[in-house]
A.B. asks: 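To start, I am sharing the structure in question, which I have written as structure tokens.
Atom set for the values below is all heavy atoms of this structure, side chains included, hydrogens, waters and symmetry mates excluded. Per chain, numbering begins at 1; letters A, B, ... match sequence-line order.
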2 protein chains.
Amino acid sequence: MGKGEHTRQAILDEAFSLASCVGVSGLSIGILAERTKMSKSGLFAHFGSKEELQLAVLREAQQRFAEVVLRPAFRQPRGLRRLRAVVVNWLDWTREANLPGGCVINAAAAEFDDQPGPLRDEVRRGLTALRRSLVETVVKAVVAGDLRPDTDAEQFAFEMEGIYQVTQQSRRLLNDPDADRRALVAFDRLVRDYAVPIEKE
Amino acid sequence: MGKGEHTRQAILDEAFSLASCVGVSGLSIGILAERTKMSKSGLFAHFGSKEELQLAVLREAQQRFAEVVLRPAFRQPRGLRRLRAVVVNWLDWTREANLPGGCVINAAAAEFDDQPGPLRDEVRRGLTALRRSLVETVVKAVVAGDLRPDTDAEQFAFEMEGIYQVTQQSRRLLNDPDADRRALVAFDRLVRDYAVPIEKE
DNA sequence: GACACAAACGAACGATCGTTCTATAAATGC
DNA sequence: GCATTTATAGAACGATCGTTCGTTTGTGTC
């Protein structure tokens, strides 16, 4: 990795954790330059525009999410084991990644959901991909025989996302110490309702 | 209502729908003055500071939420009827209130969840009150005999909020036309799991 | 050591930000 | 209808915003 690439990554690291606190639209080149001990113009040159910097942060977030949440989970065997691994990693990922201020992507989703442009498009792309991964994981759990054949995988993924979101909010805003436990309770209920009934022996 | 109070409310209306699009922290006095055809200083005088304006918007949002969602639902008899009315009104409230850009409170929750200060406190207050209302409604459904006596009302409310949040995101960002239907499916599953079993006759 | 190229800097730009001040216009009370 | 309070306007402030420009520093190559 050349020197340019190296500092660019350093800037991105800082921007990533800063965006976690103030949001992607709250990013400021001046403050970012201060934190990285660079000049505004020197930092700016790496991206060409603020929007490009913001896009880079969003892409960085997606990449880290795939690495920290999805990849390890996909090392589990298909089925319920893997599905549960996704949930556990997911709930943990704001701690795992350097996200002092909560999930960047989810925050960005609320920021940009009605402001057309490249940023909204990027967020949308990321969340669509996530949804697809979830659905795929559920479908495989059905194929593996862990969930009932008539399981609505889209519905299942939809509800998983809901659990994640309310957990984040409860943890961060309401300081609810039971948030994670409640998330798992909700997930277990979800699984129970769609699980294949245990056969009597 | 004196003239001062009247224009203040007009400003607040505009700020409310603007914040729905750009977020509470994205509000700008200049733009707001432009939209209300006032001078910046004239508008400013009604609030004394930007933060006070933002707080007023958050309080306005809470008040409208209570009027549009909770109050009508509480005219239903206690129990499942009322609980369902809350859900239906809730899903509809961004259309009902003047919220072209989605729920202000939820967006603010993501914006301020790790930025200590009066704004975060206000959001927190609002969401805590909401959670309490939900729990109370669930408890009354238990007392009314619609839900099982061992129902964990906090858990129930927790999951309801999750359903709401993912529905908003699916609707606004992913343009999912099935979002509302999925929300009701999820809610029905929630009710079914906690409902008192139908007695055999 | 001369050269080419990339990386970072420093100064400045115009625009917008929230805020303050003073003065005028409008509404209110008697 | 006058006096007083209230509401709005206008101009300006310092700060910060993203961005541009020309220059300097650093790195690697023949």
A.B. asks: Between atom CD in A/Q54 and atom C1' in D/dC17, what is the gap in whole Å?
C.D. replies: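 Distance check: A/Q54 CD to D/dC17 C1' gives 13 Å.
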A.B. asks: Phosphate oxygens OP1/OP2 of D/dC21: is one of them under 4.0 Å from a side-chain N or O of A/S41?
C.D. replies: no
A.B. asks: Using a strict 4.0 Å threshold on nitrogen-to-oxygen distance, state whether B/R64 and B/E67 make a salt bridge.
C.D. replies: no
A.B. asks: Output the rounded distance in Å from CD (A/E5) to P (D/dG28).
C.D. replies: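 About 15 Å, once rounded to whole Å.
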A.B. asks: Could you tell me how far apart B/K50 (NZ) and D/dT16 (P) are, to the nearest whole angstrom?
C.D. replies: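 Rounding to the nearest Å, NZ of B/K50 and P of D/dT16 are 15 Å apart.
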A.B. asks: So does A/D180 pair up with A/R95, basic N to acidic O under 4.0 Å?
C.D. replies: yes
A.B. asks: How would you label the contact of B/L27 with the nucleic acid (heavy atoms, under 4.0 Å): base, sugar-phosphate, or nothing?
C.D. replies: sugar-phosphate
A.B. asks: Once you apply a heavy-atom cut-off of 4.0 Å, does A/A45 come out as touching a base, just sugar-phosphate, or nothing?
C.D. replies: nothing
A.B. asks: In this structure, how many angstroms lie between the P atom of D/dA9 and the CG atom of B/L32, rounded?
C.D. replies: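 Between P of D/dA9 and CG of B/L32: 13 Å.
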A.B. asks: Among C/dT19, D/dT20, D/dA7, which is the nearest nucleotide to the side chain of B/F44?
C.D. replies: C/dT19
A.B. asks: Look at the side chain of A/S28 and decide which nucleotide, out of C/dA8, D/dT8, D/dG18, has an atom nearest to it.
C.D. replies: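 Among C/dA8, D/dT8, D/dG18, the one nearest the side chain of A/S28 is D/dG18.
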A.B. asks: In whole angstrom, give the distance that lies between atom CZ of B/R8 and atom P of D/dT6.
C.D. replies: 16 Å
A.B. asks: C/dA27 C1' sits how many Å from B/H6 NE2, rounded?
C.D. replies: 14 Å
A.B. asks: Distance check needed: D/dT19 C1' versus A/H46 NE2, whole Å only.
C.D. replies: 16 Å
A.B. asks: Checking B/Y194 now: which residues fulfil ring-ring contact (aromatic ring centres under 6.0 Å, His included) with it, not counting sequence neighbours?
C.D. replies: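 Checked B/Y194 against ring-ring contact (aromatic ring centres under 6.0 Å, His included); matches are B/F156.
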A.B. asks: Relative to the 5' end of DNA chain D, which residue comes earlier, A/I31 or A/G48, by the nucleotide with the nearest heavy atom?
C.D. replies: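 The residue closer to the strand's 5' end, by nearest nucleotide, is A/I31.
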A.B. asks: Establish whether the base of C/dG18 is bridged to the side chain of B/K40 by a donor-acceptor pair shorter than 3.5 Å.
C.D. replies: yes
A.B. asks: State whether A/R182 and B/D152 are salt-bridged, where the test is any N-O pair (Lys NZ or Arg NE/NH1/NH2 against Asp/Glu carboxylate O) under 4.0 Å.
C.D. replies: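 A salt bridge is present here (some side-chain N lies under 4.0 Å from a carboxylate O).
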A.B. asks: Quick one: which of D/dT19, D/dA7, C/dA7 gets closest to the side chain of A/K3?
C.D. replies: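 Selected nucleotide: C/dA7.
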A.B. asks: Measuring only between side-chain heavy atoms, which start at C-beta, is B/V166 closer than 4.5 Å to A/E159?
C.D. replies: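 With C-beta onward as the side chain, the pair stays apart.
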A.B. asks: Grab the CD1-P distance between B/I29 and D/dT8 for me, whole Å please.
C.D. replies: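 Result: 15 Å.
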